[in-house]
Amino acid sequence: MKFMKLGSKPDVFQAEGKTVRYVSSDLATDVIINVGEVKFYLHKFPLLSKSNRLQKLVMKANEESDDEIHMVDFPGGPKAFEICAKFCYGMTVTLNAYNVVAARCAAEYLEMTEDIDRGNLIFKIEVFLNSSIFRSWKDSIIVLQTTKSLLPWSEDLKIIGRCIDSIASKTSVNPVNITWSYTYNRKLAEPDKIVEDGMKFPERFESVPKDWWVEDICELEIDLYKRVMISIKSKGRMDGSVIGEALKTYAVRWLPDSVDALVSDAHAWRNTSLVETIVCLLPSDKGVGCSCSFLLKLLKVAILVGANESSREDLVNRISMKLHEASVTDLLIPSRSPQITIYDVELVQCIVNRFLMHEKSNWDVDVVGKNEKGADSFVLGHGSLLSVAKLIDGYLAEIARDRNVTLSSFIDLSHTIPQSARLIHDGLYKAIDIYLKEHPNLTKVERKKICGLMDVKKLSMDASMHAAQNERLPLRVVVQVLFFEQVRASANVRSINNNPRDASRSTTNTDEECEKTAAESCRTLKKQMSQMRIKEEEFRKNGKLAKKNSKNGRSGIQLLPSRSRRIFDKLWVVGKGHGDNKSSESSGSSQSPTSMAPGDTKSSGSSSRHRRHSIS
């Protein structure tokens with residue numbers, strides 16, 4: 001820390017208690033000056049030779065026959081006045097970063113200018129500020145911290161402005177030329193220096209990061225911090241990522257960790273002002289700077305402390321542009337009254353909608369209607385969209401545990417993501433399964449509706465095996481899972497047999513083979529199931545079942561692996577007691593994979609109304 005000594009005479013100021021100061025001298029004191037609650041017993045001559053204001057006050061006191069002089073609202077208080085008085089006596093005074101601003105304001109109040117005496121206190125302090133304080137990174141920060149208690153004097157004397165400009169200029173110095181940092185480089189041999197351009201030192205120290213300064217200015221109050229950051233940004237030489245790191249560091253330093261402390265009455269206004277200030281200081285380029293995780297945390301705090309609408313709106317826009325960087329935990333934003341859900345699902349849906357708007361404007365393509373053709377180029381060109389799809393599936397799995405989340409909210413959020421963005425539906429299946437588990441009172445129609453969100457063709461092998469044994473899924477969905485898994489396996493085997501030399505490539509075309517053979521296999525299976533149903537009705541009329549019917553029934557089921565026979569056995573038993581209900585369930589969906597086969601729509605539509613032989 002820089003310091004400056006003034007005067008050479010010994011310090012002979014004495015104190016009696018906390019309210020009396022006097023000079024130990026053979027000469028009797030002839031003036032009493034009251035500064036705050038402290039009385040100073042001094043001599044007129046040394047004071048009047050340095051201070052123009054004291055000359056006026058003493059003259060006025062003599063005219064009024066008053067032995068005491070009262071100075072109200074003296075900047076810096078009794079300590080600052082004592083420094084000025086000692087300077088007038090020629091006693092030794094030490095100025096440093098902690099008291100120089102108070103001494104400067106006090107000297108201004110006392111009018112200790114060059115007009116009264118050459119080399120007066122104001123001149124000496126200004127030399128010290130310009131030659132030492134403002135050239136020191138650490139001292140500039142300390143001085144700036146002391147200015148708040150000396151307003152408006154420190155502002156009028158432009159001390160605050162000069163400190164801010166000094167700090168901002170030093171942050172813009174090339175880190176290669178920095179040999180001292182308040183936080184990061186305390187081991188350096190040349191402390192308290194920032195090397196000017198062109199200067200070299202014999203020893204080179206480990207590289208200094210670009211954000212070497214961010215922790216140092218975190219000790220500033222929010223008002224001063226805002227002015228410093230604005231000055232740094234205005235110079236245009238600081239990367240947005242460094243600005244974002246500085247704001248994040250400041251938020252971590254000052255925002256409390258607990259929710260109770262955030263919303264407490266004692267700190268509510270400060271926290272609100274802090275959040276709004278950080279938001280307004282975010283880099284103008286919304287695509288860089290702060291991470292999406294930090295922005296979402298800031299949004300949570302902004303909602304809790306009741307920040308203004310413009311701040312929250314700005315955060316939502318910034319988050320939507322970087323949503324692909326977020327995690328599921330980041331999106332768990334607590335809801336506020338009057339919402340009854342645990343998390344704010346509507347806000348997340350709003351963010352996703354804005355993200356999709358940005359995606360469409362960036363790529364100039366409507367991904368909602370994009371088909372499966374060109375899937376490879378779609379993955380390469382829309383990686384962020386695929387990441388968001390996976391993110392939202394994970395978020396759906398989290399909110400599915402909340403029993404207050406309505407089915408419509410769940411479905412609406414799922415529909416927000418384009419179908420082409422979900423290459424695999426395992427995450428969506430997991431979310432649906434959790435929702436069915438936590439909402440056991442759903443009707444059959446509602447269960448069919450939520451299960452209609454997923455495409456069984458896009459389930460992995462593990463997910464298909466789990467779904468085939470999942471009792472919470474509608475039987476129709478289980479049959480679809482089994483059917484398409486069988487078709488996929490058959491297509492894979494057929495492709496390998498047809499091209500034994502190119503078996504590796506055949507595995508990538510399994511879905512295409514599945515679609516080609518789906519219609520043919522479906523019609524065959526429907527025909528056999530129809531025969532099973534007709535024969536069941538005939539034997540039920542006669543009161544018994546013939547053995548040959550069992551043989552024919554088994555021949556139809558032979559198309560499926562062993563685990564699917566159990567499902568068809570279950571369907572068979574249920575069909576006996578609830579033939580009409582199951583018939584409507586099995587034919588009620590128009591989105592079954594088998595109904596997409598060309599040329600099969602009419603036959604399926606006409607026959608499924610009266611006879612339960614459609615598995616779609």
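All values below were derived from every heavy atom in this structure, side-chain atoms included, with hydrogens, water molecules and symmetry-related copies excluded.
- Between A389 and A421, the shortest heavy-atom contact is CB-O, 3.5 Å.
- In this structure a side-chain-to-backbone donor-acceptor pair under 3.5 Å is present from Y250 to I222.
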*Between W213 and V242, is a side-chain contact (heavy atoms from CB on, under 4.5 Å) present by the stated rule, with each step listed?*
CA-CA 10 Å; W213 51 272; V242 180; 3.7 Å; yes
*Would you please test E221 and R270 for salt bridge (Lys or Arg N to Asp or Glu O under 4.0 Å) and show each step?*
CA-CA 10 Å; E221 291 290 336; R270 183 183 69 87; over 6 Å; no
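- Here R401 does not pair with E438 in a salt bridge; the nearest charged N to carboxylate O distance is not below 4.0 Å.
- Residue pairs that meet the ring pair (Phe, Tyr, Trp, His ring centres under 6.0 Å) test with at least one member in residues 386-428, sequence neighbours left out, are F410-Y435.
- Contact check for I243 versus D239: no side-chain heavy atoms found under the 4.5 Å cut-off.
- At distances below 3.5 Å, at least one donor-acceptor pair connects side-chain atoms of Q145 with backbone N or O atoms of E219.
- Under a cut-off of 6.0 angstrom, the local environment of NZ in K210 is sparse, with at most 12 non-hydrogen atoms contributed by other residues, nucleotides or ligands.
- M454 contributes atom CE, which lies 8.5 Å from atom CD of Q480 (distance to the nearest 0.5 angstrom).
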*Quick one: do D402 and T341 satisfy side-chain hydrogen bond (donor to acceptor under 3.5 Å, both in side chains)? Show the steps, please.*
CA-CA 7 Å; D402 184 1; T341 56; 4.7 Å; no
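- Under the 4.5 Å side-chain criterion, counting only non-hydrogen atoms from C-beta, L331 is in contact with I392.
- The shortest distance between side-chain heavy atoms of R312 and I303 falls below 4.5 Å.
- A donor and an acceptor atom, one from each side chain of S460 and D462, are nowhere located under 3.5 Å apart.
- Using a 4.5 Å heavy-atom threshold, the side chains of D393 and I417 count as separate.
- When side chains are defined from C-beta on, V279 does not count as touching L247, because their heavy atoms never get closer than 4.5 Å.
- Taking all atoms of both residues into account, the shortest heavy-atom contact from H439 to V405 is NE2-O, 3.6 Å.
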*R318 and M321: CA distance, side-chain angles, deciding distance, side-chain contact (heavy atoms from CB on, under 4.5 Å) verdict*: CA-CA 5 Å; R318 292 176 181 273; M321 299 184 69; over 6 Å; no
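- Pairing each heavy atom of N317 with each of H358, the nearest pair is O-NE2, 4.2 Å.
- No donor-acceptor distance shorter than 3.5 angstrom exists from the side chain of S311 to the backbone of A307, with no hydrogens or angles considered.
- How far CD1 of I319 is from OG of S291: 10.0 Å, rounded to the nearest 0.5 Å.
- At least one donor-acceptor pair closer than 3.5 Å links the side chain of N404 to the backbone N or O of I340.
- Interatomic distance, OG of S414 versus CD1 of I432, reported as 6.5 Å (0.5 Å rounding).
- Considering only heavy atoms from C-beta on, V275 comes within 4.5 Å of L255 through its side chain.
- With 3.5 Å as the limit, one finds no donor-acceptor pair spanning the side chains of S327 and T329.
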*Might you work through the side-chain contact (heavy atoms from CB on, under 4.5 Å) test for F355 and H324, ending with a clear yes or no?*
CA-CA 9 Å; F355 167 80; H324 56 282; 4.2 Å; yes
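- Around the NZ atom of K437, the shell of radius 6.0 Å holds no more than 12 heavy atoms that belong to other residues, nucleotides or ligands.
- At distances below 3.5 Å, not a single donor-acceptor pair connects side-chain atoms of D426 with backbone N or O atoms of A463.
- Here OG1 of T171 is found 11.0 Å from CG of D216. Values are rounded to the nearest 0.5 Å.
- Side-chain atoms of S231 never come within 3.5 Å of backbone atoms of R227 as a donor-acceptor pair (strictly under, hydrogens ignored).
- The shortest non-hydrogen separation linking L315 to A302 is CD1-CB, 4.2 Å.
- At least one side-chain heavy atom of L413 sits less than 4.5 Å from a side-chain heavy atom of I399.
- Within the model, atoms SG of C290 and CG of L298 stand 8.0 Å from one another, a figure rounded to the nearest 0.5 Å.
- The shortest side-chain heavy-atom distance between K360 and M357 does not fall under the 4.5 Å cut-off.
- N470 places no side-chain N or O within donor-acceptor distance of the main-chain N or O of H466, the cut-off being under 3.5 Å.
- Under the 3.5 Å distance criterion, with hydrogens and angles disregarded, no donor-acceptor pair is assigned to the side chains of Y429 and D455.
- Nearest heavy-atom pair across A468 and L482 is CB-CD2, 3.7 Å.
- For CD of E346, the number of neighbouring non-hydrogen atoms (other residues, nucleotides, ligands) closer than 6.0 Å is 12 at most.
- Here the options are R336, Q349, Q339, the test is side chain to side chain donor-acceptor pair (under 3.5 Å), and the partner is D344; only Q339 passes.
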*Step by step, work out the salt bridge (Lys or Arg N to Asp or Glu O under 4.0 Å) result for R472 and D433.*
CA-CA 7 Å; R472 288 184 286 271; D433 184 39; 3.0 Å; yes
*Show your reasoning for whether side-chain hydrogen bond (donor to acceptor under 3.5 Å, both in side chains) applies to S384 and E359.*
CA-CA 9 Å; S384 58; E359 281 293 298; 3.1 Å; yes
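- In this structure, K226 NZ and S273 OG are separated by 7.5 Å, a value rounded to the nearest 0.5 Å.
- A pairwise comparison of heavy atoms in I450 and R447 identifies CG2-O, 3.3 Å as the closest pair.
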*Step by step, work out the side-chain contact (heavy atoms from CB on, under 4.5 Å) result for D223 and T277.*
CA-CA 9 Å; D223 294 337; T277 300; 5.9 Å; no
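- Counting heavy-atom neighbours within 6.0 Å of K233 NZ, excluding the residue itself, gives a total above 12.
- When atom types are taken as modelled, the side chain of W254 and the backbone of C218 share a donor-acceptor pair closer than 3.5 angstrom.
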